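Encoded as structure tokens, the structure appears first; notes follow it.
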2 protein chains.
Amino acid sequence: MTADIPITAYKMNCAFCSARPLGLCGALGDGEGFRELRDARRGARLLDSGAPIYRQGDRHGDLYNLVSGWVCLHQDLEDGRRQILRFILPGELFGQEPAGMTSMSHASQALTNISLCVIPAERVTDLRARYPGFSDRFVWMLERDNHLTMDHLTSLGQRSALERVAHLMLELAVRSSRRYPLAPGDRFKMPLTQPLIADATGLTPIHVNRMLRRLREDHILDLRNGALTVLDPGRLEAMVGPSEDLVRLWTRYAIVEGLDHDEHY
Amino acid sequence: MTADIPITAYKMNCAFCSARPLGLCGALGDGEGFRELRDARRGARLLDSGAPIYRQGDRHGDLYNLVSGWVCLHQDLEDGRRQILRFILPGELFGQEPAGMTSMSHASQALTNISLCVIPAERVTDLRARYPGFSDRFVWMLERDNHLTMDHLTSLGQRSALERVAHLMLELAVRSSRRYPLAPGDRFKMPLTQPLIADATGLTPIHVNRMLRRLREDHILDLRNGALTVLDPGRLEAMVGPSEDLVRLWTRYAIVEGLDHDEHY
DNA sequence: CGAAGTCTTGACAAGACTCAAACTGGGTGG
DNA sequence: CCACCCAGTTTGAGTCTTGTCAAGACTTCG
């Protein structure tokens, strides 16, 4: 179920630990700050698909960096309805809450087998205070989260069921591959079930099924057996209409000063 | 239409300029940092109801602090549909975007006559780098925004039309008055039209009208002539089910170290 | 007084949800 | 190797919520 793994087992896309200079820690260089961050890690965790990472109402304390696998953040209502707020992909940070909150406002769950890097929130706060570049990247990540969440808000509030599903598929294809534009026939591994898509789009699983069928019959995309095939990128993008800036946020982990294009990733 | 006003005309609830120790600048104390912030202001602006503050696609550059009046942030689709992302109340900050964005992803509009405090974004970045307490509050505000947006996302995705309208009304009553809990008969000035509520909840104006009528007939609340009367706070809260933490975010501008309760506001 | 914007209502249409059932594929245990 | 089970997917029929269209009433303001 849950296992601790040695630090050496980390993959290379932890924003805290590696992926320099792209991740959070890139701002710390190779010096003292980076060593501090590395030493602050509470440890790594391996979790099985389906396992909760934290629950709604848990006391707040740690930040998480997803090293491998997929995670979703979701908010549950008392009567069982739940909204998936965001899908977390490798290299992304999650688990932060405004200071002063007594408990987590949302839960998180592994969608695949995952590996995580765990850092106490107060250590991050401390590093932020002492390393401005580190703080800047942290702020950038918050602003990015905000931006993506607002985009979802517009999608749920204004788009039709078909558009919402298309929007989510395009976003996840681009975010998971960091590639744009897409070509006809591109395939992406996507560990999503239709009930998950339903919780993310505010639809019922049955209706998601119908929308996916329609997208397939219209030769726009085909989601099956955990893989998405983009059949007609042009029409897909036309349905979604992502801005240039939005695509940039989809293809990046963090702002990197001086680097302005995706080619570096 | 637009007018510049002398610095002396500021009211006391600008997070940059005053409202100390509660606003952003509170962390700067009375010393050098505070003077720097005050001097960094690009100036103040008065705008008439309905005026745009910035448009979607405008170049990014300034941060805004609302001194008086109401503002909404909204994101528009090409075909005219629009989603209201957030209502901004006096004392709140808006206009930030992730570094690297070329243009604003959303627009903002004055819902009443307003007064604004304008600060160049790069000056804020600079102050963040040099004053950690200032940076903490800035981060806190971002996290708060994020939290509120996620709450709206859950509302749009999971709640019925009636619940969404009730949710918005409760939130705005509490946020605008900074008072909780509510008592039967409490009245709140609220410069909202039904089309605005529709854009915020993802419904049509006509359906908003139906929902408001039902809430009125059920003696839960009454929104009329720009004022909301809460008739039955108990049932209203039961419909919305806000957590303790959420209410705390509704009643506060900023984290203030050492102060833990609303009584200070 | 007229005009514009907002609110209200009714009748109808459409999109999305509910319920029920059959089908698929992968894993488990006999 | 097969039977079974399970979660996920697919489909159909019927219902209900919400949206659309149209028109009238009420405010506010010039």
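FYI, side chains are in, hydrogens and waters are out, and symmetry mates aren't considered; it's all heavy atoms of this structure. Note that this is a predicted model, so its numbers are computed, not measured. Throughout, a chain's letter reflects where its sequence line sits, starting with A, and its residues are numbered from 1.
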Rounded to whole Å, the CD-C1' distance (Glu217(B) to dT8(C)) equals 12 Å
Within the structure shown, what part of the strands sits under 4.0 Å from Pro205(A) by heavy-atom distance: base, sugar-phosphate, or nothing? nothing
Closest of dT9(D), dT10(D), dC17(C) to the Arg216(A) side chain is dT10(D)
Do Arg164(A) and Ser155(A) have side-chain N/O donor and acceptor atoms under 3.5 Å apart?
-> no
Point to revise | Mutual orientation of the aromatic rings belonging to His152(A) and His167(A) [parallel < 30°, tilted 30-60°, perpendicular > 60°] | key: perpendicular
Fill in: Phosphate contact (dC7(C) OP1 or OP2) by Asn209(B) side-chain N/O below 4.0 Å
no
Whole-Å distance, Leu223(A) CG to dT10(D) C1', equals 14 Å
Of the listed dT11(D), dT18(D), dT20(D), the closest approach to the Ile206(A) side chain comes from dT11(D)
Of the candidates dC17(C), dT20(D), dG8(D), the side chain of Thr204(A) sits closest to dC17(C)
message: What contact category does Gly202(B) fall into here, base, sugar-phosphate, or nothing, at under 4.0 angstrom with non-hydrogen atoms?
response: sugar-phosphate
Rounded to whole Å, the CZ-P distance (Arg164(A) to dC17(C)) equals 7 Å
Q. Are Gln194(B) and dG5(C) close enough that a side-chain N or O sits under 4.0 Å from OP1 or OP2?
A. no
On DNA chain C, more 5' by nearest nucleotide between Asn225(A) and Met211(A) is Met211(A)
To the nearest angstrom, the CD-P distance between Glu163(B) and dT17(D) comes to 12 Å
May I ask you to check whether His106(A) and Tyr54(A) place their ring centres under 6.0 Å from each other?
yes
>> Strictly below 4.0 Å: does Arg213(B) bring a side-chain N or O up to OP1 or OP2 of dT8(C)?
In response: no
The nucleotide from dA16(C), dT18(D), dC7(C) with an atom nearest the side chain of Thr193(B) is dC7(C)
Against the side chain of Leu203(B), the closest entry in dG19(D), dA16(C), dT8(C) is dG19(D)
Heavy-atom nearest pair, Leu231(A) first then Pro184(A), reads O-CB, 3.6 Å
From CZ of Arg159(B) across to P of dA16(C) the rounded distance in Å is 21 Å
To the nearest angstrom, the NE2-C1' distance between His207(B) and dA16(C) comes to 13 Å
Per atom distances to the Arg210(B) side chain, the nearest of dA16(C), dT20(D), dT18(C) is dT20(D)
Whole-Å distance, Arg224(B) CZ to dT8(C) C1', equals 12 Å
Taking 4.0 angstrom as the limit, do Asp58(B) and Arg55(B) come out as a salt bridge? no
Rounded to whole Å, CG of Leu215(B) lies from C1' of dT8(C) at a distance of 16 Å
